[in-house]
Amino acid sequence: MAVLVLWSALPAAAEIVAAEYLDPVTRYDHGVLGDAVEWGALRLRVSEGGTSQDVVIRLPHTRVFEDLAPRLVELGGRRAAMVVETDLSEGARLALYDVDGLLAAGPFIGQRHRWLAPVGAGDLDGDGRIEIAWVDRPHLAKVLRIWRYRAGSGRLEEVARAEGFSNHRIGWDYITGGLRDCGNGPEMILADGAWHRVMAARLQHGRIEAKALGAYSEGVMRAAMACDPH
């Protein structure tokens, strides 16, 4: 269980305005992001009424944040930090933290040296609820999985999955693609599992539907994210 440290009492209306990782650690020897350094703590900067203070969440020694940077996501009026949290024995999971600590999380993959790469969070199917997408083991299984956040449940519920997608290669210090909306609703931009094509995927009627946008290159990926048809 993560430990929540409050520097002082927080007002009820406090909102997360920034997040960063703290405490570089070398207790996990995976190196999927290109080096041996992961993170032992998460700092949330919260603000209310023109004042701000910090909440620091420290992981136990059996876990690390195996990630590049925390991502602030809107969860239907509540803001949280979306992170990749890894157990040294059970591998990675996607987790959401707010000022009260762990808000919700998906399952750990179940084996050390197994990782996931976030795609993004938003209302992916237009039903007013927030979905979260990630690629489960982008170097091995290459499964795009979409989960729904249900307020107050403490967990995420899977709503769809599809094989044959990736958004990271071993050693990269970045995750490619993400979410875009070019005026017709949100799309997930990824590579196919063989890294031959750039793909646009949608969640529609509980299923993931995808189309190719062009041969894979980082230039094509950037153009896709920018809604550039060329």
A.B. asks: Going only through I, L, V, M, F, W and Y residues with side-chain contacts under 4.5 Å, is there a path from L144 to V198?
C.D. replies: no
A.B. asks: Should the pair R58-D23 be classified as a salt bridge under the 4.0 Å nitrogen-to-oxygen rule?
C.D. replies: yes
A.B. asks: Find out if a path of hydrophobic residues (ILVMFWY) with successive side-chain heavy-atom gaps under 4.5 Å connects W172 to V32.
C.D. replies: no
A.B. asks: Are Y28 and H113 near enough that their ring centres are under 6.0 Å apart?
C.D. replies: yes
A.B. asks: Under a 4.5 Å cut-off applied to non-hydrogen side-chain atoms, are I132 and L96 in contact?
C.D. replies: yes
A.B. asks: Quick check: does any side chain N or O of D192 sit under 3.5 Å from a backbone N or O of R197, one acting as donor and the other as acceptor?
C.D. replies: yes
A.B. asks: What closest approach, in Å, do M221 and Y216 show between heavy atoms, and which atom pair accounts for it?
C.D. replies: CE-CE1, 3.8 Å
A.B. asks: CZ of R27: more than 12 outside heavy atoms within 6.0 angstrom?
C.D. replies: yes
A.B. asks: Closer than 3.5 angstrom, by distance alone: can the side chain of S166 be matched with the main-chain N or O of G193 as a donor-acceptor pair?
C.D. replies: no
A.B. asks: Looking at M225 and G177, what are the two nearest heavy atoms and their distance?
C.D. replies: SD-C, 3.7 Å
A.B. asks: Under a 4.0 Å threshold between the charged nitrogen and the carboxylate oxygen, would R112 count as salt-bridged to E90?
C.D. replies: no
A.B. asks: Does the pair R148/D125 count as a salt bridge with the N-to-O cut at 4.0 Å?
C.D. replies: yes
A.B. asks: Counting distance only, does the side-chain N/O of D123 pair as donor-acceptor with the main-chain N or O of G128 below 3.5 Å?
C.D. replies: yes
A.B. asks: Hey, is E163 close enough to K142 for a salt bridge, meaning N to O under 4.0 Å?
C.D. replies: no
